[in-house]
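Inspection log for the structure reproduced underneath, given as structure tokens.
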Amino acid sequence: MPLPKRTHHVHGKLPAFISDDYAKYGLRPGRHPETWEDGMRSETSPGLWEWWYFDCHLHDGSTIVVVFYTKDFTTPDKPLDPLITIEIDRPDGTNIEKRMSFPAEAFSASTEQCEVVIGTNYFRGNLEEYEIHFSDEELTLDIKIDRTTDSWRQKTGVLEFGDGAEFFGWVVPVPQGTVRATVTHADATFDAQGSCYHDHNWGNVDLAAKMNHWYWGRAEVGPYTFIVAEIITEAEYDAVPVEYFNLARDGRTVADENDAVTLYRTYGRIRPEEGVKPTSDGLRFVYDNPDDEMRYEVSFQREKTLLVNPFLDQAIGQPILRTIIGKLTGMDGAYHRFTGEGKVTAYRGTEFVEEFTSQSAVWELMYFGKPFQ
């Protein structure tokens with residue numbers, strides 16, 4: 001029996017759902033994107049934003065995150081305002097952070113494939129192979145990526161709000177890949193290999209106005225790689241949950257019907273030392289599609305909070321001014337990053353098939369709004 005289609009239009013509230021209208025977006029039906037889908041998908045005018053994201057975990061224990069933006073997504077009404085952010089963490093505790101703005105004329109991007117240029121820096125590739133380059137007077141970073149898991153999007157990749165005029169797009173060209181990174185900083189160079197991820201987002205909505213919060217995570221667990229997320233919309237959309245789910249085994253997608261997914265969370269706890277948002281220690285995504293003989297569970301168990309970053313702390317340096325602006329605007333969003341155990345369990349019907357765990361899973365909670373009472 002096919003799964004019922006979720007319209008998410010209840011109690012007189014507005015709908016929010018991932019569109020499957022492939023013709024509307026000029027897409028080939030299915031889960032696999034084409035090369036052009038990682039090219040420029042929006043304009044750079046006020047109200048529209050776009051970014052290309054990359055992260056990796058290297059065998060020496062280092063992590064690297066690089067994002068190329070058309071503008072800061074928290075200020076979508078700006079005109080083109082190119083931005084690059086970089087965060088590098090070394091196992092010895094060294095942290096390198098960059099947040100570099102550029103003039104509008106320094107930006108260019110292709111609509112045929114990922115070919116994003118900001119100044120002398122670039123993020124380019126063709127779904128299978130990518131190169132990222134960044135350099136300034138302190139840091140030179142060169143990254144080469146080879147995809148090892150099918151490129152993917154959930155249906156069209158476009159989450160529509162209301163009548164569809166407002167939207168949030170997400171495509172994952174590299175759910176998992178191998179990477180080689182060369183970093184030169186303070187006259188020292190290190191070269192390391194590891195695993196990586198690349199996705200691409202675009203839209204025309206103020207995320208904080210449409211989304212109350214989301215959980216997002218990915219991990220490699222035995223032969224499996226997965227990407228999971230749940231977005232909880234704001235009250236005008238009845239706080240409906242919108243799930244994303246991609247599970248691959250040996251590089252091939254085996255489950256990705258988001259309407260077959262339910263997320264179960266442990267009770268959200270507020271930890272004063274980490275902020276004022278409730279966070280769940282345990283997450284369990286259950287995939288149960290009646291059209292599939294296999295059933296899967298993907299779970300996270302928090303062991304440590306890596307980061308809590310209140311938005312106002314990042315934007316405003318003075319504590320008193322932060323307090324005043326927070327009270328005037330009601331803004332109190334925060335980003336959280338956790339680490340702990342990731343697990344994939346597979347069943348055939350009710351029969352246990354296999355289970356794999358990893359102690360190095362990393363996931364996030366992005367909390368834009370106030371917790372629902």
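None of these values were measured; they are calculated from a predicted model.
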Task: Reference residue Ser195; test side-chain hydrogen bond (donor to acceptor under 3.5 Å, both in side chains); the match among Gln176, His57, His59, Glu220 - done: Glu220

- [ ] Measure across Phe161 and Ala16 and return the closest heavy-atom pair with its distance rounded to 0.1 Å.
- [x] CD2-CB, 4.0 Å

Task: Contact summary for Gly177 and Thr148, nearest pair of heavy atoms - done: CA-OG1, 3.6 Å

TODO: Without swapping roles, check the side chain of Asp163 against the backbone of Ala165 for a donor-acceptor pair under 3.5 Å.
DONE: yes

Task: Side chain to side chain, Glu234 and Lys210, heavy atoms closer than 4.5 Å - done: no

Task: Test applied, ring pair (Phe, Tyr, Trp, His ring centres under 6.0 Å); reference residue, Phe226; option that passes from Trp363, Phe300, Phe245 - done: Phe300

Task: Cluster overlap Ile227 with Tyr130, hydrophobic side-chain contacts below 4.5 Å - done: no

Open item on the list: To the nearest 0.5 Å, what is the distance between CG on Leu80 and CD on Glu105?
Closed with: 9.0 Å

TODO: Test side-chain contact (heavy atoms from CB on, under 4.5 Å) on Val66 and Phe134 and set out the steps.
DONE: CA-CA 9 Å; Val66 180; Phe134 173 86; over 6 Å; no

Open item on the list: If you compare all heavy atoms of Glu166 against all heavy atoms of Tyr237, which two are closest, and at what distance to 0.1 Å?
Closed with: OE1-OH, 4.1 Å

Open item on the list: Give me the atom names and distance for the closest heavy-atom approach of Arg41 to Glu37.
Closed with: NH1-O, 3.0 Å

Open item on the list: To the closest 0.5 Å, what do you measure between CG (Leu139) and CD1 (Ile96)?
Closed with: 6.0 Å

Open item on the list: Quick check for you: to the nearest 0.5 Å, what is the distance between Asp81 atom CG and Phe107 atom CZ?
Closed with: 11.5 Å

- [ ] Would you check if Asp292 and Val254 make a side-chain contact, meaning some heavy-atom pair closer than 4.5 Å?
- [x] no

Task: Asp150/Arg31 salt bridge by N-O under 4.0 Å criterion - done: no

Open item on the list: Is it the case that atom CD in Glu355 sees more than 12 heavy atoms from other parts of the structure closer than 6.0 Å?
Closed with: yes

- [ ] Indicate the atoms forming the closest heavy-atom contact of Pro82 with Pro103, along with that distance.
- [x] CG-O, 3.6 Å

TODO: Inspect the surroundings of CZ in Phe352 and state if more than 12 heavy atoms from other residues, nucleotides or ligands are less than 6.0 Å away.
DONE: yes

TODO: Tell me yes or no: between the side chains of Ser19 and Asp21, is some donor less than 3.5 Å from an acceptor?
DONE: no

Task: Carboxylate-amine/guanidinium proximity below 4.0 Å for Asp281 and Arg269 - done: yes

Open item on the list: Please determine whether residues Phe356 and Met294 belong to a single hydrophobic cluster, defined as Ile, Leu, Val, Met, Phe, Trp and Tyr linked transitively by side-chain heavy-atom distances below 4.5 Å.
Closed with: yes

Task: Arg90 to Phe190 six-membered ring, cation-pi geometry met (6.0 Å, 45°) - done: yes

TODO: Decide yes or no for Trp49 and Leu207: does some side-chain heavy atom of the first lie under 4.5 Å from some side-chain heavy atom of the second?
DONE: yes

TODO: Would you mind telling me which of Phe54, Phe123, Trp51 makes a side chain to side chain contact (heavy atoms under 4.5 Å, CB included) with Phe68?
DONE: Phe123

- [ ] Side-chain contact test, heavy atoms from C-beta onward, threshold under 4.5 Å: evaluate it for Phe17 versus Glu160 and give yes or no.
- [x] yes

Open item on the list: Please evaluate residues Phe167 and Val205 with respect to the criterion side-chain contact (heavy atoms from CB on, under 4.5 Å), reporting the C-alpha separation (whole Å), side-chain torsions for both, the decisive distance (0.1 Å), and the verdict.
Closed with: CA-CA 6 Å; Phe167 64 89; Val205 296; 5.8 Å; no

TODO: Could you tell me whether the side chain of Ser101 and the main chain of Leu83 form a donor-acceptor pair under 3.5 Å?
DONE: no

Task: Trace of the side-chain contact (heavy atoms from CB on, under 4.5 Å) decision for Glu303 with Gln359 - done: CA-CA 9 Å; Glu303 295 179 2; Gln359 300 304 315; 3.3 Å; yes

TODO: Answer yes or no: are there more than 12 heavy-atom neighbours, outside Lys98 itself, under 6.0 Å from its atom NZ?
DONE: yes

Task: Set of ring-ring contact (aromatic ring centres under 6.0 Å, His included) partners for Trp214, sequence neighbours left out - done: Phe368

Open item on the list: Is there a continuous path of hydrophobic side-chain contacts, each under 4.5 Å between heavy atoms, that joins Trp36 to Val171?
Closed with: yes

Task: Under 3.5 Å: donor-acceptor pair, side chain of Glu50, backbone of Ser42 - done: yes

Open item on the list: Once rounded to the nearest 0.5 Å, what's the spacing between atom CZ of Arg99 and atom CD1 of Ile86?
Closed with: 12.5 Å

Open item on the list: Quick check: do Leu263 and Leu283 have side-chain heavy atoms less than 4.5 Å from each other?
Closed with: yes

TODO: Give me the one residue out of Tyr244, Phe338, Tyr197 that meets ring pair (Phe, Tyr, Trp, His ring centres under 6.0 Å) with Trp216.
DONE: Tyr197

TODO: Measure the shortest side-chain to side-chain distance between Val298 and Tyr287 over non-hydrogen atoms and say whether it is less than 4.5 angstrom.
DONE: no

TODO: First locate atom NE2 of His198, then atom OG of Ser151, and finally report the distance between them rounded to the nearest 0.5 Å.
DONE: 8.5 Å

TODO: Would you mind checking if Lys155 and Asp20 are paired as a salt bridge, meaning a charged N to carboxylate O distance below 4.0 Å?
DONE: no

Task: Any Lys24 side-chain heavy atom under 4.5 Å of Thr156 side chain - done: no

Task: Under 3.5 Å donor-acceptor, Ser358 side chain and Gly342 backbone - done: no

TODO: Would you indicate whether the side-chain heavy atoms of Ile64 and Val183 approach each other to under 4.5 Å?
DONE: yes

Open item on the list: How long is the straight-line distance from CD of Glu364 back to CE of Met366, given to the nearest 0.5 Å?
Closed with: 5.5 Å

- [ ] Determine whether Leu141 and Phe102 fall in the same hydrophobic cluster, where Ile, Leu, Val, Met, Phe, Trp and Tyr are linked whenever their side-chain heavy atoms lie under 4.5 Å apart.
- [x] yes

TODO: Apply the test side-chain contact (heavy atoms from CB on, under 4.5 Å) to residues Arg249 and Tyr296: give CA-CA distance (whole Å), side-chain angles for both, the deciding distance (0.1 Å), then the verdict.
DONE: CA-CA 12 Å; Arg249 195 182 196 286; Tyr296 299 97; over 6 Å; no

TODO: Ignoring hydrogens and angles, tell me if any N or O in the side chain of Asn95 forms a donor-acceptor pair with the backbone of Glu87 under 3.5 Å.
DONE: no

- [ ] Determine, step by step, whether Arg124 and Glu131 satisfy the salt bridge (charged side-chain N to carboxylate O under 4.0 Å, His left out) criterion, reporting the C-alpha distance in whole Å, the side-chain angles of both residues, the deciding distance to 0.1 Å, and the verdict.
- [x] CA-CA 5 Å; Arg124 63 193 186 198; Glu131 295 180 328; 3.0 Å; yes

Open item on the list: Any side-chain to backbone donor/acceptor pair from Asn246 onto Arg153? Under 3.5 Å, distance only.
Closed with: no

Task: Single-linkage hydrophobic cluster Val174~Trp170, side-chain heavy atoms < 4.5 angstrom - done: no

- [ ] Give a yes or no answer on whether the side chain of Lys71 reaches the backbone of Leu48 with a donor-acceptor pair at less than 3.5 Å.
- [x] yes

TODO: Look at the side chain of Trp52 and the backbone N and O of Asp38, then say whether any donor-acceptor pair between them is shorter than 3.5 Å.
DONE: yes

Open item on the list: Out of the candidates Val362, Asn309, Thr305, only one should pair with Arg337 under the side chain to side chain contact (heavy atoms under 4.5 Å, CB included) rule; please name it.
Closed with: Val362

- [ ] If the plane angle is over 60° it's perpendicular, under 30° parallel, otherwise tilted; pick one for Tyr215 and His213.
- [x] perpendicular

Task: Heavy-atom closest contact (Ala181 atom, Ile143 atom, distance) - done: CB-CG1, 4.2 Å

